[in-house]
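The figures here come from the full heavy-atom set of this structure, side chains too, leaving out hydrogens, waters and symmetry mates.
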Amino acid sequence: MHRNDFRIRYMNQILFRGIGEEGQDKIAEGRVCIVGCGALGTMVAIGLARAGAGHIRIIDRDFVELKNLHRQVLFDEEDVRKIMPKAAAAEKKLRKANSSIHVEGIVSDLNHLNAEELLKNILVIVDGTDNFETRFLINEFSIKHSIPWIYGAAVGSYGLTLDVLPGESPCLKCIFETSPPPGLLATCDTAGIVPSVTSVIGSIQCVETLKILSGNGAKLNRFITAIDVWEGTFQRIKLVKERHDCPVCDAKVFPLLAGEGISLGVNLCGRNSVQIRSGMHSTTIDLLSLKEKIQRITSVYYNGFLLRMSLEGFEVTVFPDGRAIIGGTDDPVRARSIYSKYIGN
């Protein structure tokens, strides 16, 4: 982009004393990875794209559904009709919003096999996920490589966010020693969600990211910020590292990155669906070959990114990286059985 066009486009951001022209130049050189492109992820992504973040990488394992549209601001009805992967749809929309930045949509599930590759050369990681297993994996990567990440969560009318700053703040493992057991936490399907709360939390995540990219680390939030938009309450809880025996940020032990305790079947939040991974090694599926095999027994939809089919009453969506989402069940054993029977081990 020509320098004059650059100044015109971002003039109102440059005029903000906290950023200025030097800060905007740094933002333009910034490299951000957003893991999960749902309600929070889309809000962060569009905010960073319009703010001029130079390189935005989006990793998401899912596809757009009708019930996403009331809060996931990057998607529309055409994405639903085409069963577009969220990462691919987001890449297309963000490039239209700002053609001068580099946007990279990766249709994949972040796990121990690909974390080193997918998160490399990144300055900030932003959490848009819906499960603690992935968040704890991000936390380990963050501590191992000294890369800050911005946690976020929202359900009902309540949301919270915190900055994990390696060497400066407690890590996620310091705050949550283990993942909450299944069924304990409310989900969007059990408690619903007010779109405004994802807008607020996503906006906070976005501005914290911009602070890091623009060189304003001293302004970063050292609190857990919790907001209930329905009740109109706002809380800030000071982050203090009271323990010094954390297995991750003190002992530097990274079991999830080593593949320990990783589940091959993951219930998707509020979906009555299970994601199945192909196994403990990287896998690539030839979707066209699989389509030819499956269409002998049932009709198959293919859009270049995924296959969709109905098998034994379950809605099965298969991705090139070997994953499948089995809709119509929350039983990982049953989902694994369908996967093995029709797709392979």
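For the residue pair Thr329 / Arg334, no side-chain donor-acceptor distance below 3.5 Å is found, with atom types taken as modelled. Between Thr233 and Asp228, the side chains place no donor N or O within less than 3.5 Å of an acceptor N or O (distance only, hydrogens not considered). Inspection of the Thr134 and Asn131 side chains reveals an N or O donor paired with an N or O acceptor under 3.5 Å.
Contact check on Lys173 versus Glu140 returns no salt bridge, with no Lys/Arg side-chain nitrogen under 4.0 Å from an Asp/Glu carboxylate oxygen. Between Asp163 and Arg222 there is no salt bridge, since no side-chain nitrogen of the basic residue lies less than 4.0 Å from a carboxylate oxygen of the acidic one. Using a 4.0 Å cut-off between a side-chain N of Lys or Arg and a carboxylate O of Asp or Glu, Asp76 and Lys93 qualify as a salt bridge. A salt bridge links Glu116 to Lys144: one of the charged nitrogens lies within less than 4.0 Å of a carboxylate oxygen.
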Phe319 vs Ile325, test: side chain to side chain contact (heavy atoms under 4.5 Å, CB included). Steps then yes/no.
CA-CA 9 Å; Phe319 298 87; Ile325 293 177; 4.0 Å; yes
Go through it in stages, so that I can follow the logic: the residues are Lys241 and Cys246, the test is side chain to side chain contact (heavy atoms under 4.5 Å, CB included), and I'd like the CA-CA distance, side-chain angles, deciding distance and then a yes or no.
CA-CA 10 Å; Lys241 187 171 174 58; Cys246 173; 4.0 Å; yes
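When side chains are defined from C-beta on, Ser108 counts as touching Asn114, because their heavy atoms get closer than 4.5 Å.
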Less than 3.5 Å apart, which donor and acceptor atoms pair up between the side chains of residues 30-46 and the rest of the protein, not counting sequence neighbours?
| from | atom 1 | to | atom 2 | distance (Å) |
| --- | --- | --- | --- | --- |
| Arg31 | NE | Asn121 | O | 2.6 |
| Arg31 | NH1 | His55 | ND1 | 3.3 |
| Thr42 | OG1 | Gly38 | O | 2.8 |
| Thr42 | OG1 | Ala39 | O | 3.2 |
| Thr42 | OG1 | Val73 | N | 3.3 |

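Remark: Leu306 CG to Asp62 CG distance equals 10.0 Å, nearest 0.5 Å.
Among residue pairs with one or both ends in residues 195-206, none qualify as salt bridge (charged side-chain N to carboxylate O under 4.0 Å, His left out); sequence neighbours excluded.
Among residues two or more places apart in sequence or in another chain, the side-chain contact (heavy atoms from CB on, under 4.5 Å) test is passed with Ser100 by Met1, Tyr10, Asn98.
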